[in-house]
Amino acid sequence: MIRVADARPFQWEYRPDPVDREVFRVEGGRVLRGSVPISGAKNAALKMLAAATLTGERCRLTNVPEIEDVRVLADVLRDLGVVVDHPAPNVYEVASGDVEWLFVPLEAAAKMRASFILLGPLLSRFGRVIISNPGGDRIGRRPVNLHVDAMRALGAEIEYRDGYYFARAPGRLRGGEVRFPFVSVMGTENAMLAATLADGHTVIRPAAREPEVDDLIAFLQKMGAEVERTAPDTIEVEGRRRLRGAEHRIIPDRIEAGTFVVAAAVTGGRVTLEGAPCGHLGAFLEATSAMGLNVACGRDTIEVDASGAEPGSLRACDIATAPYPGLATDLQPPTCVLLSQAEGRSRVHETIFEDRLEWLGELGRMGARVEVPDRHHALIDGPARLRGTEVEIGDLRAGASLILAALAAEGTTTIHGAHHVHRGYENIDGKFLDLGARIERLAERETAARA
Ligand code: UD1
């Protein structure tokens, strides 16, 4: 049993982001034109940084997005004693030889819920870890019971006290049946990471089918793990004693790609997304096609042509979020911006997170006609004329979507809480500027001075 008293006082220091007090100022009404590179997937990169702790050998990851969440997780790993190098833009190297310090503090969890992905690999490789309960965030309660149950199914002993999970594997974790009551992305990944070094065979079902999970499987296989998706909803792992270092290029970010599709559409623009994962956007592209948006998929490009489209030429469409291959909940907010510009009434059903429609209040303040009868449903009537105003970002995807609304709006929008967007989008303002948008990042005090 590990006790808090056994733990060294932690060194993780809360460093407020320099971007914490920034706002975006967007002058709407500019037509976006040109091409934009799509960055590596946030939700794959974070898991691979965690997976790299499964071996003492050096791992090299390329196409890593330059985003706050990656920087935070890299810092958390460094504070554990892991060597994390960043030799070039979008390249990270991780070497976790002697990690003795197995404590992931509250500050890490408070900054980024995904830090909980360290539970599985650290427990499996080092036999113990103390990790903070990440609790909820602005899109819902977001419990971690499925992760904890999965570790227990693999033989871990886990106690919860004072906001921390004290987890220990007597001897080695042992392979077993991990049955989830419903699909969880990180739950699947945590179980899979833990099982790679466990003793024996593990079956995970229902396993999440997101492309980022398959990318993680590909990386683990390069590390020598015996892990395979044996059916669409099943992942099987044969535990190994050791894994080796590996190099991997991260897949493109389908959520960033969807965000730029909407940006082109709502500004009446013509934009080519370079390195875009068309094949991973099925349900989203079905919705945009039902709305009448002109999108063409190439081998690794997506072309969106909304030039010359009359306002209201898009049709309303009913959408419901679902685990992959359904419509990603992370694309629900951008899709709502698009629906606000479509003719007629659209119904939105958010099935994954209970507070993910809250941000629609801000979209409403910009002139969208939105009703939210309950926490999982919204009605959007369009096309609405959006007007620039002052809005506040509550979470990452809502933040990007308020930028989209601002690009489509008449006048200037001031968007507070820019740091939420930097968590998950690489250089978002720079990419929009290159497409001809008028967007600037200002310190909060500068906007106060100008007001
Ligand atoms: C991941 C993604 C996030 C995306 C989400 C759903 C990362 C870092 N984040 O989050 O961007 O929006 O998938 O596609 O990859 N749940 C429980 N108990 C648990 C775990 C989850 O009840 O222990 C519930 C959640 O509250 C939610 C549902 O399960 O209602 C699905 O969440 P999950 O797939 O686990 O989301 P994350 O992996 O946290």
Side-chain angles (χ1 to χ4, degrees), residues 40-51 64-65 67-70 72-73 76 108-109 111-120 131 133-153 158 160 165 178-194 204 206-216 233 250-251 253-256 258-259 280-281 283-284 320-335 349-357 359 375-376 395-401 420-421 423-425:
K42 164 177 103 60
N43 288 350
L46 296 174
K47 320 312 167 45
M48 290 191 206
L49 286 170
V64 179
I67 55 175
E68 267 316 291
D69 272 10
V70 164
V72 168
L73 189 59
V76 172
K111 272 201 149 185
M112 191 184 57
R113 188 179 179 282
S115 59
F116 208 70
I117 197 65
L118 292 171
L119 172 66
I131 188 163
N133 179 3
D137 64 13
R138 295 286 290 265
I139 61 172
R141 290 178 301 117
R142 305 194 77 174
V144 288
N145 57 311
L146 301 183
H147 302 235
V148 172
D149 290 349
M151 296 306 129
R152 287 190 175 131
I158 303 187
Y160 182 63
Y165 289 96
V178 177
R179 298 270 174 199
F180 290 115
F182 49 86
V183 174
S184 161
V185 174
M186 279 212 293
T188 299
E189 293 166 331
N190 240 335
M192 187 166 82
L193 292 169
I204 303 167
R209 296 164 66 176
E210 272 64 8
E212 295 77 19
V213 178
D214 283 323
D215 203 32
L216 182 59
D233 71 341
I250 289 162
I251 55 167
D253 196 306
R254 62 197 163 101
I255 310 301
E256 188 198 25
T259 305
H280 297 163
L281 281 164
F284 171 74
T321 60
Y324 194 84
L327 178 68
T329 173
D330 289 350
L331 281 174
Q332 172 263 110
T335 309
H349 186 185
E350 168 57 57
T351 69
I352 311 279
F353 293 114
E354 63 269 28
D355 293 337
R356 214 169 206 178
L357 295 172
W359 80 281
R375 296 167 99 183
H376 287 282
D395 74 81
L396 167 61
R397 304 301 170 188
S401 303
H420 287 288
V421 181
R423 277 192 44 212
Y425 287 85

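Just follow the structure's listing: the first ligand is 1, and inside any ligand the first atom is 1.
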Using a 4.0 Å heavy-atom cut-off, which part of [X] comes near ligand 1: side chain, backbone, both, or neither?
X      : result
Glu354 : neither
Ile352 : both
Tyr324 : neither
Lys47  : side chain
Arg397 : neither

Is any N or O atom of [X], backbone or side chain, closer than 3.5 Å to an N or O atom of ligand 1?
X      : result
Glu189 : no
Phe182 : no
Leu146 : yes
Met186 : yes
Lys42  : no
Thr329 : no
Pro143 : yes

If the cut-off is 4.0 Å to any non-hydrogen atom of [X], which atoms of ligand 1 fall inside it?
X      : answer
Arg113 : 39 (O)
His147 : 23 (O)
Val144 : 19 (C), 23 (O)
Arg356 : 12 (O)

Practice problem: Compare every heavy atom of Thr259 with every heavy atom of Ala400, then report the nearest pair and how far apart it is. | Solution: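 So the minimum-distance heavy-atom pair works out to CB-CG2, 4.2 Å.
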Return the [atom1] to [atom2] distance between [X] and [Y], rounded to the nearest 0.5 Å.
X      : Y      : atom1 : atom2 : result
Asp214 : Ile251 : CG    : CD1   : 8.0 Å
His376 : Phe353 : NE2   : CZ    : 11.0 Å
His280 : Glu210 : NE2   : CD    : 11.0 Å
Tyr425 : Ile67  : OH    : CD1   : 10.5 Å
Glu350 : Ile352 : CD    : CD1   : 6.5 Å
Glu68  : His420 : CD    : NE2   : 12.0 Å

Quiz item: Considering residues at least two apart in sequence or located in another chain, which fulfil the side chain to side chain donor-acceptor pair (under 3.5 Å) criterion with Arg375?
Solution: Asp355
Quiz item: Are Arg254 and Glu212 close enough for a salt bridge, meaning some N to O gap below 4.0 Å?
Solution: yes
Self-check item: Note: Arg356-Asp330 ion pair, threshold 4.0 Å (strictly below)
Solution: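 Yes, charged N to carboxylate O under 4.0 Å.
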Quiz prompt | Donor on one side chain, acceptor on other, Asn190 and His147, under 3.5 Å | solution =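 Yes, His147 and Asn190 have a side-chain donor paired with an acceptor closer than 3.5 Å.
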Quiz item: Is there a heavy atom of Glu212 sitting under 4.0 angstrom from any atom of ligand 1?
Solution: no
